[in-house]
Novice: 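To start, I am sharing the structure in question, which I have written as structure tokens.
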Protein chains: 2
Amino acid sequence: MITESVEEYLETIYRLYERGVATTTTNIAKELKVAPASATQMLKKLAKQGYLKYTPYRGVTLTAKGKRTGKEILRKHRVMEKFLGTLGIPKSKIHKEACELEHHIPHDLERAIYQKVEGEKPLPPGAPSDVVPLTSLLDGQKGVISFIGGGRGASQRLADLGLTPRTEITVIKSALFRGPLLISVRGTTLAIGRGVASRIFVRAK
Amino acid sequence: MITESVEEYLETIYRLYERGVATTTTNIAKELKVAPASATQMLKKLAKQGYLKYTPYRGVTLTAKGKRTGKEILRKHRVMEKFLGTLGIPKSKIHKEACELEHHIPHDLERAIYQKVEGEKPLPPGAPSDVVPLTSLLDGQKGVISFIGGGRGASQRLADLGLTPRTEITVIKSALFRGPLLISVRGTTLAIGRGVASRIFVRAK
DNA sequence: TTTAAAATTTAGGCGTGCCTAAATTTAAAA
DNA sequence: TTTTAAATTTAGGCACGCCTAAATTTTAAA
């Protein structure tokens, strides 16, 4: 059985490798905030298990198996980060939570979540990255309209409702996947469809 | 710091308590598939930490603190089960995965997911519980139509497309939150809107 | 090339949570 | 009430993964 610690090491080593940083005992230990002596132990063990080649005093090189595994975990990490963002988890917590979750998400769940968050493209290329579709906000959350995606017509119709950039919106009632959103704008409550809502991009507060 | 094992014990004990089963060393050990001797050790520890009262040879009683903690973990477990179901994870895996995840979902993430899955009511009261809206299936998944929600009109229009109960559907392309679904029915590919799709209830395969 | 500093490894320990085998206590049958 | 079976605890161990301190090796400066 592959332990959480093994995964953590492989992910870290893969990260360094990807960044072109030398995969030495010290670098790995530093990255993991662990004593170098602890890293030595683990690296020997990983070598024995065929994840990497270990040359004493010289650092390590991932084998194909090691790369594959490290990459997989890194991918889980990234998918979870995206997912947490979609759910409106504060940025400050996202990395740490993803670090934890990456070890407990089985492959098929990662795939399922990946498909979900991919479908949810915060879209317009070049858009500020802290902007999300209105549909991503949770009940009670507030956001400020950043822009409206998808053509003149949409913008015009929304403007008629008072939904223009810089307007503050509070989500009263949303739901996952379907059904209209109930929102509050300048003291007025509005119901808007999901299709339209997904084209309103807001900066969450 | 509360360890995963401590959580597991508290959840289990709370479960037994909820079910009215005696919280004896043996019952707890059996439930956790652990040797009774191991349970004794842990129960002593939990008593020292104030989660329960331990009387040798007589079993344990949860304190208020123990109940609170056990309940919280059980709730996380249940929310995760629901969430996994929503994502189309096969039933056979749901319980086990939820068991794992419950220990790694921070409170706020559990709350966020809870709101999402609550919005996604597999609806019609009395409906078989393994039935989900078509929108819950992932790309490539197959399902068999169980029934159509929402009135004659909808049923009729869908029937015209060949979408009637017992028909098998394959989802070709779906996405989170928005956009139409591309599905395959009897060899034909169809595009249907999310609104309609959310009213087609299927049993996932 | 020698030598001191830096990097790395070895040795010895700690806490957690599990296990088995052997005692001990409790419960129930004779 | 005695005796035996079942439940429970005690004792002794194991694997993990971390740590510090002391040894060793490498590197780079003099």
Side-chain angles (χ1 to χ4, degrees), chain A residues 1-17 20-62 66 69-70 73 96 99-100 102-104, chain B residues 1-17 20-62 66 69-70 73 96 99-100 102-104:
Chain A
M1 217 307 194
I2 185 170
T3 70
E4 184 164 337
S5 203
V6 164
E7 289 190 349
E8 200 75 45
Y9 271 85
L10 290 175
E11 184 195 359
T12 297
I13 297 168
Y14 187 81
R15 262 206 168 97
L16 293 176
Y17 158 77
V21 176
T23 49
T24 60
T25 301
T26 308
N27 283 343
I28 295 166
K30 210 175 290 173
E31 202 76 6
L32 284 165
K33 296 185 206 308
V34 140
S38 310
T40 298
Q41 257 192 149
M42 180 58 96
L43 294 178
K44 278 184 184 168
K45 185 174 151 185
L46 293 178
K48 202 175 297 175
Q49 295 181 191
Y51 290 111
L52 43 80
K53 272 190 92 144
Y54 169 62
T55 319
Y57 295 100
R58 281 291 135 80
V60 301
T61 317
L62 287 172
T69 312
I73 299 160
K96 226 181 106 221
C99 268
E100 168 94 26
E102 68 194 14
H103 306 295
H104 308 284
Chain B
M1 217 308 198
I2 185 170
T3 70
E4 184 164 336
S5 203
V6 163
E7 289 190 350
E8 199 76 45
Y9 271 85
L10 290 175
E11 183 196 359
T12 298
I13 296 168
Y14 186 82
R15 262 207 169 97
L16 293 175
Y17 157 77
V21 176
T23 49
T24 60
T25 301
T26 308
N27 283 343
I28 295 166
K30 210 174 291 173
E31 203 76 7
L32 284 165
K33 297 185 206 308
V34 141
S38 310
T40 297
Q41 256 193 155
M42 180 59 95
L43 294 178
K44 278 184 184 168
K45 186 173 150 187
L46 293 179
K48 202 175 298 176
Q49 296 180 193
Y51 289 112
L52 44 79
K53 272 189 92 147
Y54 169 62
T55 319
Y57 295 100
R58 281 292 133 81
V60 301
T61 317
L62 287 173
T69 313
I73 299 160
K96 227 182 104 219
C99 268
E100 169 94 26
E102 68 194 14
H103 306 296
H104 307 284

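We name chains A, B, ... by the order of the sequence lines, and we start the count at 1 in each one.
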Novice: By the definition side chain to side chain contact (heavy atoms under 4.5 Å, CB included), identify the one residue from B:T24, B:L52, B:L16 that meets it with B:V60.
Specialist: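 That would be B:L52; it is the only one of B:T24, B:L52, B:L16 passing the side chain to side chain contact (heavy atoms under 4.5 Å, CB included) with B:V60.
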
Novice: Under a 3.5 Å cutoff, is there a donor and acceptor pairing between the side chains of A:E4 and A:H103?
Specialist: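 No.
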
Novice: Of the listed nucleotides (C:dA27, D:dT20, C:dA21), which one gets closest to any side-chain atom of B:A37?
Specialist: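 Output: C:dA21.
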
Novice: Closest to the A:V34 side chain: C:dC18, C:dT10, D:dC18?
Specialist: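 For A:V34, the side-chain atoms sit closest to D:dC18.
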
Novice: Consider the side chain of A:P36, meaning its heavy atoms from C-beta on, and name the nucleotide among C:dC18, C:dT9, C:dT20 that approaches it most closely.
Specialist: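 Out of C:dC18, C:dT9, C:dT20, the nucleotide with an atom closest to A:P36's side chain is C:dT9.
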
Novice: Compare the minimum distances between each of D:dC18, C:dT9, D:dT9 and the side chain of A:M42, then state the nucleotide with the smallest one.
Specialist: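 Of D:dC18, C:dT9, D:dT9, D:dC18 is nearest to the side chain of A:M42.
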
Novice: Closest approach to the side chain of A:Q41, judged atom by atom: which nucleotide of C:dT9, D:dC19, D:dT10 is it?
Specialist: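 Selected nucleotide (nearest to the side chain): D:dC19.
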
Novice: Do the non-hydrogen side-chain atoms of A:Y17 and A:T12 ever get within less than 4.5 Å of each other?
Specialist: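 A:Y17 does not reach A:T12 side chain to side chain.
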
Novice: Can a side chain N or O of A:R58 be found less than 4.0 Å away from OP1 or OP2 on C:dT9?
Specialist: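 No.
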
Novice: With the side chain of A:K45 defined as its heavy atoms from C-beta on, choose the nearest nucleotide among D:dC16, D:dC19, C:dA21.
Specialist: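 Closest of the options to the side chain of A:K45: D:dC16.
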
Novice: Measure from the side chain of B:S38, starting at C-beta and using heavy atoms only, and say which of C:dT24, C:dC19, D:dC19 lies closest.
Specialist: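 So the side chain of B:S38 is nearest to C:dC19.
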
Novice: Please tell me which of the listed nucleotides, D:dT9, C:dT9, D:dT10, lies nearest to the side chain of B:K44?
Specialist: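 Closest nucleotide to the B:K44 side chain: D:dT10.
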
Novice: Please state how far atom CG in A:L43 lies from atom P in D:dC18, giving the value in whole angstrom units.
Specialist: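 Spelled out: CG on A:L43 to P on D:dC18 is 11 Å.
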
Novice: Using a cut-off of less than 4.0 Å, is there contact between a side-chain N or O of A:Y9 and OP1 or OP2 of D:dC18?
Specialist: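 Checking D:dC18 against A:Y9, a side-chain N or O does come within under 4.0 Å of OP1 or OP2.
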
Novice: Provide, to the nearest angstrom, the distance between the OH atom belonging to A:Y54 and the C1' atom belonging to D:dT25.
Specialist: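 So the OH-C1' distance, A:Y54 to D:dT25, works out to 12 Å.
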
Novice: Does B:T40 put a side-chain nitrogen or oxygen below 4.0 Å from OP1 or OP2 of D:dT9?
Specialist: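 Yes, such a contact exists.
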
Novice: Whole Å only: how far is the NE2 atom of A:H103 from the P atom of D:dG17?
Specialist: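 Atom-to-atom, A:H103 to D:dG17, this comes out as 12 Å.
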
Novice: Send over the distance from A:I28 CD1 to D:dG17 C1', rounded to a whole Å.
Specialist: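 One finds 16 Å between C1' of D:dG17 and CD1 of A:I28, rounded.
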
